[in-house]
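The first residue of the sequence shown is numbered 1, and numbering continues consecutively from there. Atoms within a ligand are numbered from 1 in the order they appear, just like the ligands themselves. Model, not experiment: these values are computed from the prediction.
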Amino acid sequence: MTKTALAIHGGCGVMAKLDLSEAEWAAARVDLLRALKAGWAILSNGGSALDAVQACVVVMEDSPHFNAGYGAALNANGEHELDASIMDGATLEAGAVTLVRRIRNPVKAARRVMEKGDAVLMGGTSADEFAKAEGLDVVEPDYFTTERRVKALASMKAHAAAGTAAKASESEKHGTVGAVALDEAGHLAAATSTGGYNNKPAGRIGDTPIIGAGTYARDGLCAVSGTGKGEFFIRYAVGHEIASRIGYLGETVQQAADKVIMEDLKPHAIGAGLVAVGADGSIAAPYNTDGMFRGWVTPEGEFFVGTHGDVHACDPSSAP
Ligand code: ASP
């Protein structure tokens, strides 16, 4: 029996500390803790890493505080086009959906794609129809819209009109949710879900549904879920790059993750972060922005949650 471990992120595009009230920060931290609890309940009862990462992501998709599912970003047409993926490190099986508009929990649809076993990535209306046929919850597209995202879209459009889009805050731009886990059987899994970035072109697909970029898991190496400007995660094949560095160079999870986030991606001046867990249960959560919604449970069962530089030990019973 190996150690178990779990880590999540709720996107690296966190707001400046003063942009949210203390009550809003607290509510986001509670939802991070709820997500960790959902995953840990599975892992600590001998469940699979795959079920654990899905459970974490579902909680964050249902929370308005993160850019995935309910509360997702709006594209340039004021519509939601959601992406999600999941990967089983034991078998290298993976599933993903992209440009979906009606699936309440896109990560569940990604899991169904994986379990069907033929396609890895399904997109658009056909993926919405697939999810419906599979019996998943479908919703009207405006279910996902929150006032915060409407404001963020207006702000990004104003930046675009003024030619200052690059100066927009990370929180106006993007966000994502993700989870990585190691289970008792020594298997790794990763899952990621996003609305992409505010004011993205209609039809744009980011790194989240691209296996090897925003999501990757391979037993014996690591599981990775990323957040940040997806185009760069695709170009650097971030998830696979980290696994390769561990496998070929013998780097630790922390070394490999830091190299990619701080040395490869940072010079591009794009916000980026990730969570990764290694085959030994070690956890890394680097980011190159002001903060990243994140949390983890150590192999000893200690819960930690953070938004900016500080990470707090949490009592899991403090979240409903
Ligand atoms: N990676 C996501 C995307 O590019 C966005 C983000 O995480 O900020 O779609």
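- Between the side chains of D137 and N105, not a single donor N or O lies within less than 3.5 Å of an accepting N or O.
- Contacts classified as side chain to side chain donor-acceptor pair (under 3.5 Å) and involving residues 201-211 (residues at least two apart or in different chains) are given here: R204-E231.
- At least one N or O atom of T227 sits closer than 3.5 Å to an N or O atom of ligand 1.
- Of the polar atoms of G206, none of the N or O atoms is found under 3.5 Å from an N or O of ligand 1, judged by distance alone.
- Here the closest heavy-atom approach between residue C12 and residue G271 is recorded as SG-C, 4.0 Å.
- Looking at ligand 1, you'll find an N or O of R204 within less than 3.5 Å of one of its N or O atoms.
- Annotation: G226 places no N or O atom under 3.5 Å from an N or O atom of ligand 1; distance criterion only.
- Near G228, meaning under 4.0 Å from one of its heavy atoms, ligand 1 places the atoms 1 (N), 2 (C), 3 (C), 4 (O), 5 (C), 6 (C), 7 (O), 8 (O).
- The local environment of CD in E147 is sparse, with at most 12 non-hydrogen atoms from other residues, nucleotides or ligands closer than 6.0 Å.
- The atoms of ligand 1 that sit less than 4.0 Å from any heavy atom of G196 are 5 (C), 9 (O).
- At least one N or O atom of T176, backbone or side chain, sits closer than 3.5 Å to an N or O atom of ligand 1.
- The structure places CZ of F233 at 10.0 Å from OG1 of T192, a figure rounded to the nearest 0.5 Å.
- Under the 4.0 angstrom criterion for non-hydrogen atoms, G175 is in contact with ligand 1.
- Residue contacts with ligand 1: T194 is placed with no nitrogen or oxygen under 3.5 Å of a nitrogen or oxygen of the ligand (distance criterion only).
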Could you pull out all donor-acceptor pairs under 3.5 Å where a side-chain atom in residues 234-241 meets a protein atom, sequence neighbours excluded?
from	atom 1	to	atom 2	distance (Å)
Y236	OH	H268	NE2	2.7
H240	ND1	S244	OG	3.3

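- Within 6.0 Å of the NZ atom in K259, the count of heavy atoms belonging to other residues, nucleotides or ligands exceeds 12.
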